[in-house]
Structure formats: structure tokens, C-alpha cells
Amino acid sequence: MIRPGEYIRDILQSAAGERHTARGWVKTRRDGKGVHFVQLNDGSVFRDLQIVLDHEVASRLGKAVLDLITTGACLEVTGVLVDSPGSGQSLELRAEEATVHGPAPAATYPLQKKGHTMEYLREIAHLRSRSNTFGAVFRIRNVVSYAIHRFFQERGFLYVHTPIITASDCEGAGALFGVTALDLQALPRTTEGAVDFSQDFFGKPAFLAVSGQLEAEIFALAFSNAYTFGPTFRAENSNTPRHLAEFWMIEPEMAFCDLAGDMAVAEEFLQFLLRDVLERCDEDLDFFEKRIDPTVRDTLRHVAETPFEHLTYTEAIALLEQADRDWEYPVVWGGDLQAEHERYLTEEAVQRPIIVTDYPREIKAFYMRMNDDGRTVRAMDVLVPRIGEIIGGSQREERADVLLSRLKDCGLPEEPYWWYRELREYGSVAHAGFGLGLERLIMYCTGMKNIRDVIPFPRTPGSADF
RNA sequence: UCCCCGUUAGCUCAAUGGCAGAGCAUUCGGCUGUUAACCGAAGGGUUGGUAGUUCGAGUCUACCACGGGGAGCCA
């Protein structure tokens, strides 16, 4: 394996004159008279290492081996790092020995050195990670994931693994995937003709989790601050560049915390992550700025430094009503903010992230804390330009009696929530939390336009390849 | 799920209802410490599928599949 100090990232930071062994995959190759140039990349850094094979080494390797050094081939080269006379790089590795581990026949290798469309690359998801774009995307995804843990760990949050399989169809956060061990060709039936889930693996219907929030609350009320970071599943038939059936979500939950505290954490969290990307992903951001979205770095800097705008839902509605334009969806207090409304707010009225709070209770979930006005709940959505909602959160209803009446109002059964309600009976306290969609954040950090291109292997309606 | 657009060479795209084209990639030759190298030549096609209109369909019609954009749902 490649050890620390041996990655191409490390070699590129070494001094001329040192001997190194570089291993990776060939991005391109150019031939001169009696000299060959190979761009080698091991994924550790955006830049390629230029390998120079001079006439002596080339003839020692022989034409048969030389012909195998093509785009996509896996190559190991040992040589001396020297100052490069060329203009594209300061250092290059002058090869003394070279081994082709796995050739990649040029006639059929799907990745060319020309640009490809994102749609085409998606069809070759097993190879697209070797491309400039996806190398950069997944390095940033990795940096962000690490930063997420650092942010919470540095603040004393406990990382909790909430279940993937759940038997409670809670929350109503969209359609769920059923999980069953029953034989779908011969389903057991009750006398009424319904599927008899008592014979299923869990003895009742089970689903893939749409959120870890309710369990995270359990941990917040034991460990004070907790967070989840894991896969989440929605069976919604959503066909947009912003939705996946399987995505990764971060859900912190804080005890002794109200909505103001919740918003403060959300803002501090987002800014921490963006600053980290700006500091650690300079070369990858160069690429995104040059090829994907020329504004991406400026946007990250701006958002990382500027306090977020705060608006109540009622204020947001007023802003929209004052806007001089024809809405496709009418602006009415009590209705959901439509995409066109969110876009106007973030992209035109305010032009930076906005935290909208205190939504009408009718359009939000049962667990959100009721305000004293009786009409609104302590919900917050963080809206950002281009992506829309990137964070959704709330202060949770900590009062047992109010929670119970909210369940009834929403037409939800009490029984499945017995433990959730019991948390309010024993040692209840104000608490709050939110959910951040990892992929939407990565879209924001990279300027990538389609969420399917910021997750290694996207799952969407009608598509679960690789 | 709804609306709109698209599907032609390995990739990216042209082609008034009338002989199927280019660039890149590939192969071969040339040139060159090269930088998405350059110059020349060659090979490469059931125009997404099915049915129809027409003397004639890549082009028009219907349905289907897949992809993209927008909307809804949401993170």
C-alpha cells in the first residue's frame, strides 16, 4: 500500500534530488522524440505528477511495455525528482524503473482526455472517480465529512449511530422504503385480506429510516449534545437535480438549547465547514472555479464571513408581497414557501443565506415547539442561493401535554410515540436540532449542478446502478 | 408524478422530407522537452425502440424506453 510520505501529494512537496516511487493511474501521455511524458495521478491531490521516460529507460522497457502506458493504466515508477524545465510544473519524476500493473486498452477505455458530459460520466461511475472533476468532488466530500466530525467533537458532541431500519412510520417526512423478509410472491394474509406483517421478520411493518432525529433526541437528553451522520432514505418519486433516494444527513441535537441557540449552531457549523474547504481544498477549488462555476470560491468566502440574514416567516411573506412580480404560486400567509419564493429571497432580496423562522404550525411537523401566539412553531430553514433549503430544524416541543395535543391535531396515533412522549415526562428540557443534507452542501462547495454528481453512486427513481 | 426539450460514429455535436457529416478519440506515418501538443492518412453508422404517413423518413405522427431542464415533495 501507499504510506504517508509516498502519495503523489507528498512527492510534489518534496525536494529535487530525492528518490521516489510513485504509484497511480495514467491520466495522459505525450511523446517526444526519444522522450515520453506521463501524467500520473493517485487521487491524493488534484495535480498530476509528470513522469519523464527518457530514451535509455524507454528502450530498456521495450516497446511492448511502453505501449501499455496509456490513459487509465495503473503504473508504478521509481526515479529521481528533478526540477522541470517545462512550464506546466515545477517538479517532475525522472523515471529509472517502471512497471505497468494493469494496462487499460486505449481502443476501449471509456475515459478520454477530452472533456466529457456529466451525464456520460454518470454512466461510468466505476471510472469517473479518476477524472479531474470527480477526483476533486470526492476529495472535497472527504474533507467536509472529516470537518463535520471535528466541528462536533471539538464542541463535546457525542456521535450516535441511529438505526437504519425503523418500525415507526414517524414524522411523515416523505414516503418510506419498506423492509421485509416476506416472500413477495406469496404474502401471508390476515382474515381481512391485508398483508399479515405479524409473520414478517420484525413482527410488524418496517422501513428504512427517513431521519435519525427522534433517536438523536434521546441521546441529547442523556449526553447533552449529540449528532448523527449517516445515510437516509426517501422513497419519494422526486426527479430533480436536488433529490436522491439515498443521501447522507447530519443531525445535531442539543439539550438546554432554544431556537436562537439552534440557529447559532447552524450558522457557526456551515461557516466552519466552508472555511475548512477554503483552507484545505485550494487546488480543487481552483478547478471548480475554472471549469464548473467561476463564482464558487467568492461565494464560499462571502458566506463564511458574512452573518446570515434572519427573517421570520411572517416577515418573509411580507417581503414577497412587496415584490413587484407575478408569482406562479400566490403568496399567502399559511402557505409553503415555493421554490420561486425561496429563490427570490436568497438570490434577489437578500443575496446570501437566510434563516427563516417561526413557520405556521399547519405546515410543519408535530414535534416543533409551539410559540406563545398559538399559530406558529419554532422552526427554522436555512435557505441558500441556487440550492434552496440546505438545513431544516427546530426547537422541539418539550412539554408533554402540548406534544400530546399536537399529535392529536396532526391526526397521529399516540401509541407509537410512547417513548418519545416519555422523554417529556422524565427530565425534559428545552432542546433543539437540525438536519443538513451533505450532498446539498457539497453541491454548494463545488458548484456542481446535479446532486447525482456529488455522491459516488447515486440512487434515484429508476436508477440504482453500481 | 406533471410540463418542456433531447436521443445520429467510442465521445461532443452538424445535416430544407431527397447520396450519413465534422471535431476529438482510435490505428498507422511524420514532427516535436511535451502540457487537452502539432501535421498527414485510414478504419469506424440498423440515426434509442416499435408501429405508421410518404415514391422516399435522421427529419413528420403515435406509443414506449432512457437522459436533461422546470414544478411538486424535501435535505
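Letters A, B, ... are given to chains in the order of the sequence lines, protein chains preceding strands, and every chain is numbered from 1. Here the structure is a predicted model, which means the values were calculated and not measured.
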Taking [M] as the reference, what is the distance to [N] when you measure between their [atom1] atoms (whole Å, please)?
N	M	atom1	value
B:G58	B:G6	C1'	14 Å
B:A71	B:G52	C1'	34 Å
B:A41	B:C31	C1'	15 Å
B:U26	B:C63	C1'	38 Å
B:A14	B:A20	C1'	11 Å
B:C64	B:U7	C1'	14 Å
B:U47	B:G17	C1'	15 Å
B:G67	B:U16	C1'	28 Å

Between [Y] and [X], is the closest basic N to carboxylate O distance under 4.0 Å?
X	Y	answer
A:D258	A:R369	no
A:E253	A:R396	yes
A:R155	A:E268	yes
A:D286	A:R297	yes
A:R242	A:E439	no

By nearest atom, which of the nucleotides [options] is closest to the [X] side chain?
X	options	value
A:E119	B:U1, B:G67, B:U34	B:G67
A:A106	B:C11, B:U26, B:A37	B:U26
A:P241	B:A75, B:G70, B:U35	B:G70
A:Q89	B:U35, B:C74, B:A71	B:U35
A:M249	B:A71, B:U35, B:A75	B:A75
A:R30	B:U1, B:C11, B:U34	B:U34
A:Q338	B:A75, B:C73, B:C11	B:C73
A:Y329	B:A71, B:U12, B:A25	B:A71
A:Q50	B:C11, B:A75, B:U35	B:U35
A:S84	B:U34, B:A75, B:G69	B:U34

If [N] has a Watson-Crick or G-U wobble mate with both distances under 3.5 Å, name it; if not, just say none.
N	answer
B:A15	none
B:G72	none
B:C60	B:G52
B:A41	B:U27
B:C66	B:G6
B:U46	none

- How do A:W248 and A:P110 order along RNA chain B: which one's closest nucleotide is nearer the 5' end? A:P110

- Starting from the 5' end of RNA chain B, give me the residue, A:T71 or A:V52, whose nearest nucleotide shows up first. A:T71

Look at all strands and tell whether [X] reaches a base, only sugar-phosphate, or nothing, counting heavy atoms closer than 4.0 Å.
X	answer
A:E92	base
A:T240	base
A:R452	sugar-phosphate
A:I391	sugar-phosphate
A:F247	base
A:G86	base

Provide, to the nearest angstrom, the distance between the [atom1] atom belonging to [X] and the [atom2] atom belonging to [N].
X	N	atom1	atom2	result
A:I51	B:U34	CD1	C1'	14 Å
A:H243	B:G70	NE2	C1'	13 Å
A:D67	B:U27	CG	C1'	12 Å

Report yes if a side-chain nitrogen or oxygen of [X] is closer than 4.0 Å to either non-bridging phosphate oxygen (OP1 or OP2) of [N]; otherwise report no.
X	N	value
A:N450	B:G67	no
A:R440	B:A75	no
A:T28	B:A36	no
A:R343	B:G70	no

- Item | Parallel, tilted or perpendicular: rings of A:Y420 and A:Y417 (30°, 60°) | perpendicular

- Query: Can we call the ring centroids of A:H341 and A:Y329 under 6.0 Å apart?
  - Reply: no

- Examine A:Y159 together with A:Y227 and report whether their ring centres are nearer than 6.0 Å. yes

Pair of N/O donor and acceptor under 3.5 Å linking [N] base with [X] side chain:
X	N	value
A:N239	B:U1	yes
A:S238	B:C73	yes
A:H116	B:C11	no

- Message: Counting only heavy atoms from other residues, nucleotides and ligands, does the tally under 6.0 Å from CZ of A:R375 exceed 12?
- Response: no

